[in-house]
Amino acid sequence: MKINIAQSAIAGYKTVWGEREYILKLALIPIIIKFVCSMAVFILETDVFTLRFILTMLPSYCADGWLVAHLLRLLLVGERLPMPRIENPSETQITTQKLRKRAISSAILYSMLIMMVQGGIAVGAPNLMDILGIEPITQDWNPSIIVFALYTVGFVAMIWSVRFIWLYIPLSINAPLKGFLQDIKSLITSYYIIGIWLLAVVPTLFITVLVPAMFMDPSYETLYDVPTLYAFIIVLLRVVGELLSGVIVVTAITYAFKDILKKYGAKLNFEHVTEDTVK
């Protein structure tokens, strides 16, 4: 499967901009929940590499999953909230509603699972390395052949497994995962995804997070040294930046998989993207 990385990223930006009013309505509650959880982490001075951090952010993971699931329903079936109420639904309509609920629930749960697994790896990896006697990479790193081989295998495995992060995309339309994975089995698919991720995430986070940080007093070494009001603003910008970049990258990767998703009944809603805008 060949993917145009730049074209997919542009489609992500164009679609999110075109649907900005609807996406903003969807994202409002998740932004509030994520901000509250992030402020709790800040106030409690919670280390991000701890189980306590994952548990504190759990409501945010749920809200993020809800946002992603409904964004995908918009992109893949043209569905918008609020859904019209159906009085005395027929058997066919009841079945359709059940399939919709299953698709949304599956996408939310899988999205939450991925975020928790990523957090768990961040928490557990240092302890596992200590148990195995593997030294972390430093400036003076001089590994043995075995340790270098382990790092190489781990790196390749990490690249190969990138595709599994995005399985909530086919789940949002009840597409069979076995068939979808068969369609994206090539290792190069992971490189395509990483390229799209970089083009979609880095510019957004740079504008919303790094640029404001450049205007901060350099004497502040950590966020905890910053005055409370400034910390409040920084956390809010970080939350908005993370959600915005997440929405863009999900949209871009969904566009990249559009030909595959059509096979499973997706009715693509990228009406704000034309051939001219993605060339």
Side-chain angles (χ1 to χ4, degrees), residues 3 8 12 26-27 29-31 33-34 37-38 41 48-76 101-126 128 154-185 187 189-202 204-205 238-239 241-257 260-261 264:
I3 294 174
S8 298
L26 281 182
I29 298 301
I31 286 174
I33 294 174
K34 193 177 188 70
C37 292
S38 299
V41 167
V48 297
F49 298 110
T50 60
L51 180 61
R52 184 181 180 184
F53 173 82
I54 298 175
L55 294 176
T56 303
M57 294 301 294
L58 193 57
S60 173
Y61 296 159
C62 182
D64 289 351
W66 181 90
L67 172 61
V68 166
H70 286 286
L71 172 65
L72 289 170
R73 295 294 293 181
L74 168 68
L75 298 175
L76 298 179
K101 289 179 180 179
R102 186 177 77 177
I104 292 173
S105 299
S106 298
I108 293 173
L109 291 174
Y110 190 85
S111 175
M112 290 179 62
L113 176 64
I114 286 298
M115 285 185 274
M116 293 177 67
V117 167
Q118 289 174 329
I121 291 173
V123 171
L128 181 61
F155 179 75
V156 173
M158 181 179 66
I159 297 296
W160 178 82
S161 62
V162 162
R163 73 199 69 193
F164 293 104
I165 296 175
W166 310 97
L167 292 184
Y168 50 74
I169 295 177
L171 282 174
S172 68
I173 55 171
N174 291 314
L177 293 187
K178 184 177 180 180
F180 186 82
L181 285 171
Q182 185 67 22
D183 290 327
I184 63 170
K185 65 180 180 179
L187 178 61
T189 302
S190 293
Y191 292 104
Y192 286 140
I193 292 173
I194 292 171
I196 294 170
W197 183 87
L198 289 172
L199 288 179
V201 170
V202 173
T204 307
L205 290 183
R238 183 177 298 172
V239 165
E242 288 178 0
L243 274 178
L244 178 58
S245 61
V247 165
I248 293 171
V249 74
V250 167
T251 304
I253 292 177
T254 301
Y255 182 87
F257 290 155
I260 297 175
L261 294 166
Y264 302 108

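Note that the structure is predicted; figures quoted are calculated from it, not measured. Residue numbers count from 1 along this sequence.
- Taking each heavy atom of Ile248 and Ala200 in turn, the nearest pair found is CG2-CB, 3.8 Å.
- With hydrogens and angles ignored, the 3.5 Å screen pairs no side-chain donor or acceptor of Ser245 with any backbone N or O of Thr204.
- Asp64 pairs with exactly one of Val247, Leu243, Ile108 by the side chain to side chain contact (heavy atoms under 4.5 Å, CB included) rule, that one being Leu243.
- By the 4.5 Å heavy-atom criterion applied to side chains, Leu167 and Leu181 are counted as neighbours.
- In terms of heavy atoms, Gly65 sits closest to Met115 at N-CE, 4.3 Å.
- No side-chain heavy atom of Tyr110 sits less than 4.5 Å from a side-chain heavy atom of Leu177.
- Residues Gly179 and Tyr264 share a closest heavy-atom pair of C-OH, 3.2 Å.
- Other residues, nucleotides and ligands place no more than 12 heavy atoms under 6.0 Å from the OH atom of Tyr191.
- With a 4.5 Å cut-off on side-chain heavy atoms, Phe257 and Asp183 do not count as touching.
- Shown here is Trp66, whose CH2 atom has more than 12 heavy atoms of other residues, nucleotides or ligands within 6.0 Å.
- The minimum heavy-atom distance between Ala256 and Ser8, with the atom names listed, is CB-OG, 3.4 Å.
- Taking CD1 of Ile173 as the reference point, atom CD1 of Ile104 lies at 12.5 Å (rounded to 0.5 Å).
- In this structure the side chain of Leu58 reaches within 4.5 angstrom of the side chain of Met116, judged on heavy atoms.
- Here the shortest heavy-atom pairing between Arg73 and Ser172 reads NH1-O, 2.9 Å.
- Rounding to the nearest 0.5 Å places OG1 of Thr251 at 9.0 Å from CD1 of Ile169.
- Checking side-chain atoms of Ser111 against main-chain N and O of Ala107 turns up no donor-acceptor pair under 3.5 Å.
- In this structure, the side chains of Leu109 and Tyr168 stay at 4.5 Å or more apart for every pair of heavy atoms.
- Rounded to the nearest 0.5 angstrom, Leu67 CG and Leu72 CG are separated by 9.5 Å.
- For the atom pair CE of Met57 and SG of Cys37, the computed distance is 5.5 Å after rounding to the nearest 0.5 Å.
- Annotation: side chain of Thr56 is in contact with side chain of Arg52 (closest heavy-atom distance under 4.5 Å).
- In terms of modelled atom types and a separation under 3.5 Å, the side chain of Arg163 and the main chain of Ile184 share a donor-acceptor contact.
- Atom CD1 of Ile159 is separated from atom CD1 of Ile194 by 3.5 Å, given to the nearest 0.5 angstrom.
- For Ser38 against Val239, the heavy-atom pair with the smallest separation is OG-CG2, 3.6 Å.
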inquiry  = Before you tell me yes or no, could you show the steps for Phe180 and Leu171 under side chain to side chain contact (heavy atoms under 4.5 Å, CB included), namely the whole-Å CA-CA distance, both residues' side-chain angles and the distance that decides it to 0.1 Å?
reply    = CA-CA 10 Å; Phe180 186 82; Leu171 282 174; over 6 Å; no
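- The shortest side-chain heavy-atom distance between Ile3 and Ile196 falls under the 4.5 Å cut-off.
- The distance from atom NZ of Lys34 to atom CD1 of Ile29, rounded to the nearest 0.5 Å, is 15.0 Å.
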